[in-house]
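FYI, the numbering just counts along the sequence from 1.
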Amino acid sequence: METLNAAKVSCGPINAMSDLEHDPHVEARSMIVALDHPSLGAVRTVASPLRLSRSPVAYRRAPPLMGEHTQEVLAGLLGLGPEAMAALSDKGAI
């Protein structure tokens with residue numbers, strides 16, 4: 001990195017997640033938050049980079065599992081009922 005930066009080639013380290021969690025800047029900005037997930041327990045995830053004094057970010061729930069809210073979304077947006085969703089599920093679409 002020293003050689004590239006000296007030659008005015010912008011570069012930086014490639015971090016593993018374990019490196020990133022212990023980075024001083026990440027720690028100082030509290031960029032990792034732990035949220036409770038109903039089936040996985042505590043889940044550590046990346047915090048929002050936004051820091052707004054009058055409207056701070058609220059973390060209400062952990063990220064969903066793959067497909068966790070599919071039926072809610074299909075019912076709400078498309079008005080699909082249980083039979084339509086069962087048909088989609090039988091076809092492997094959801």
Side-chain angles (χ1 to χ4, degrees):
M1 283 192 324
E2 287 179 29
T3 303
L4 290 172
N5 283 323
K8 300 192 186 297
V9 176
S10 183
C11 68
I14 297 173
N15 292 311
M17 194 61 186
S18 58
D19 298 329
L20 192 59
E21 287 182 295
H22 302 294
D23 181 273
H25 187 73
V26 170
E27 289 177 347
R29 292 201 41 153
S30 300
M31 292 302 300
I32 305 290
V33 294
L35 301 168
D36 287 325
H37 190 278
S39 61
L40 300 175
V43 174
R44 293 170 51 81
T45 188
V46 177
S48 172
L50 301 176
R51 299 292 188 256
L52 306 172
S53 59
R54 292 187 183 179
S55 56
V57 174
Y59 300 96
R60 295 182 300 269
R61 57 184 171 183
L65 297 174
M66 180 72 79
E68 184 175 346
H69 299 119
T70 299
Q71 291 189 6
E72 280 178 59
V73 171
L74 292 175
L77 292 177
L78 302 178
L80 297 183
E83 299 83 21
M85 284 192 258
L88 290 171
S89 181
D90 290 344
K91 294 177 183 177
I94 60 170

Could you pull out all residues at least two apart from Arg29 that satisfy salt bridge (Lys or Arg N to Asp or Glu O under 4.0 Å)?
-> none
Counting only N and O atoms by type, is there a donor-acceptor contact under 3.5 Å from the side chain of Ser89 to the main-chain atoms of Ala86?
-> no
Whether Tyr59 side chain and Ser48 backbone form a donor-acceptor pair below 3.5 Å = yes
Looking at [X] and [Y], what are the two nearest heavy atoms and their distance?
X	Y	value
Asp36	Ala42	OD1-CA, 4.1 Å
Ser30	Ala47	O-CB, 3.6 Å
Gly12	Met1	C-SD, 3.2 Å

Check: [Y] and [X] side chains under 4.5 Å, non-hydrogen atoms:
X	Y	answer
Leu40	Val43	yes
Glu27	Glu21	no
Thr45	Ile32	no
Arg61	Leu35	no
Leu80	Leu88	yes
Val33	Arg44	no

Quick one: [atom1] on [X] to [atom2] on [Y], what's the gap to the nearest 0.5 Å?
X	Y	atom1	atom2	result
Glu72	Leu77	CD	CG	11.0 Å
Ser10	Asn5	OG	CG	6.5 Å
His22	Asn15	NE2	CG	11.5 Å

Atom NE2 of His25 with >12 non-hydrogen neighbours under 6.0 angstrom | no
Mind running side-chain contact (heavy atoms from CB on, under 4.5 Å) on Arg51 and Val57 for me, showing each step along the way?
-> CA-CA 8 Å; Arg51 299 292 188 256; Val57 174; 5.8 Å; no
